[in-house]
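Some notes on the structure that comes next.
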Amino acid sequence: MSFDIDVKQTRSGRPITLFCRTDSPLVALVGPSGVGKTSILNMVAGITSPDQGHIIVAGQTLFDSDTGIDLKTARRQVGYVFQDRRLFPHLRVRANLAYGRRAAMSMDMDDVLAFLGIGHLLDRWPHSLSGGEAQRVAIGRALLSGPRFLLLDEPLSSIDRDRKAGILDAIDQIRRRSPIPILYVTHDVAEAERLSALIVTMHEED
Amino acid sequence: MIAGLSPEEWIVLTLSLKVSLVAVTVSLPICFCIAWMLARWHFPGKLLVDALVHLPLVLPPVVTGWLLLLLFGMNGLIGRWLSDVFGVTLLFRWTGAALAAAIMAVPLMVRAIRLSIEAIDRRLESAAATLGASRLRIFLTISLPLALPGVLAAVVLGFARSLGEFGATITFVSDVPGETRTLPIAIYAAMQMPDGEPIVTRFAILSILLSLGALIVSEILVRRIARGGRHVI
């Protein structure tokens, strides 16, 4: 099973819930802005904890309120590509990419640089990158950390139309090259369909 | 001897630099810990700790010196303990002058470091955690480098404040030539002399040059660090 997620969290009096059990390697969470899609990713990454429920990814229990399991973020081996990218501003692209690298488990660096087309950016500072370049570096950094699963939070937001196709191709390539499960957040159903993902729609809770 | 300084004036200058350097070096880690605690932790009595840290900033320096005398004097709680256990006395010693300078510099240093810690984007720390970094590694590789401009500013502010420290120092360790006579105390002593005007002028120029130099070095360092980019992309 790729994802077995059944969580509930209340934030600022607003409930966020998700139930999803699937073998699909690519799951797209879709729904309107503010419905809690990023909150779900943060729970899966361990940045916040659900109030109750469980999160099992690729057979490993990351959180279970019944048994008290709550793995620390650093131990979840998650590759998280944030919507705001979060490249480290004081480190060049090379150091950003190498930050989480686990040599024994990572994808080959040259391979990642080649298929993301970021080899020429290694000596640049993050603030000098365009939106598309920064997004590809963020994806590369996540892949090189040797993740057991990937979380992609609106990876095409704030990227111009020409660059979107390139990022979608890169995600397609990741799926073909690596068998790790991917949880993909978007508010654009067409984007999810383009990736042939299993679509899970989130709605506002009353 | 440099720039026409007499041996006595040279002693005053080196003593002032020594006192300020020791004051800043010893107080820096303590200031960082206090700043981190105030910026990141929530605990009962935080307001009181914050007020106590900033107290030397608003107290008359003479009162701070008097409190140091009460605590670190021969009959003071800490002074007697230091003397009995380690055979160390701070009274009338340059180490006492360094302690007084450090106490007076702490509020400024804590404030500068705290502001830089509060300005760190916590989202970068959570990003580092998702990449498998331990809390110690996140601190050493993300938080500390991002707080560095504030730490540098604190060092310079603390150094400049220590160089200019007068009230608490003269109250706590008095004016002992060659031991506690720092630049401001030497200026004050020279002003009491009928023919001390040229000495006052030279020391005043020296003080201005030292303070300006420290500020310029700090600005250069901060700009060099900032050149690496501070925007979250």
Side-chain angles (χ1 to χ4, degrees), chain A residues 38 41-42 44-48 71-93 95-102 105-106 121 124-138 141-151 153 158, chain B residues 28 32 35-36 39-42 112-156 217-233:
Chain A
T38 299
L41 291 197
N42 286 339
V44 176
I47 293 171
T48 61
L71 277 187
K72 285 183 177 176
T73 303
R75 292 185 56 204
R76 294 195 180 197
Q77 287 180 246
V78 51
Y80 195 162
V81 179
F82 298 90
Q83 187 176 0
D84 50 8
R85 294 150 202 148
R86 303 190 193 180
L87 298 182
F88 305 128
H90 59 299
L91 301 178
R92 290 181 194 267
V93 167
N96 263 283
L97 289 170
Y99 191 86
R101 196 159 180 227
R102 298 180 181 95
M105 303 156 73
S106 299
L121 304 175
R124 299 257 299 269
W125 291 103
H127 69 78
S128 73
L129 303 176
S130 69
E133 288 171 339
Q135 193 62 279
R136 282 180 287 150
V137 171
R141 185 177 68 173
L143 287 175
L144 287 167
S145 69
R148 290 182 58 255
F149 59 99
L150 273 181
L151 305 176
D153 191 2
S158 64
Chain B
L28 183 61
F32 193 91
W36 187 271
R40 291 289 175 92
W41 295 3
H42 299 284
I113 299 171
R114 181 183 177 175
L115 285 174
S116 70
I117 292 171
E118 285 173 346
I120 295 172
D121 188 341
R122 303 287 297 268
R123 296 172 306 162
L124 294 173
E125 294 173 336
S126 58
T130 67
L131 293 165
S134 64
R135 289 174 75 167
L136 179 64
R137 188 171 172 226
I138 292 170
F139 173 74
L140 292 175
T141 60
I142 306 294
S143 317
L144 194 55
L146 290 175
L148 206 53
V151 174
L152 280 176
V155 166
V156 174
V217 166
S218 143
E219 190 59 29
I220 291 170
L221 286 172
V222 168
R223 284 186 186 190
R224 191 165 289 180
I225 289 169
R227 207 178 295 158
R230 312 215 56 78
H231 314 288
V232 180
I233 297 291

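Worth saying up front: this structure is predicted, and the values here are computed from it rather than measured. Residue numbers start from 1 in every chain, and the chains themselves are labelled A, B, ... in the order their sequence lines are given, proteins ahead of strands.
Smallest separation of non-hydrogen atoms from B:F139 and B:P145: O-CD, 4.1 Å.
Interface remark: A:R141 contributes backbone and side-chain atoms alike to the contact with chain B (heavy atom separation under 4.5 Å). Proximity to chain A is absent for every atom of B:R135, based on heavy atoms less than 4.5 angstrom apart. Heavy atoms of A:F82 lying under 4.5 Å from chain B belong exclusively to its side chain.
Side-chain contact check for A:I47 versus A:L41: every heavy-atom pair is 4.5 Å or farther apart. Residues B:L28 and B:V151 meet the side-chain proximity criterion, which asks for heavy atoms closer than 4.5 Å.
Within the 3.5 Å criterion, the main-chain N or O of A:G79 finds no donor-acceptor partner in the side chain of A:S145.
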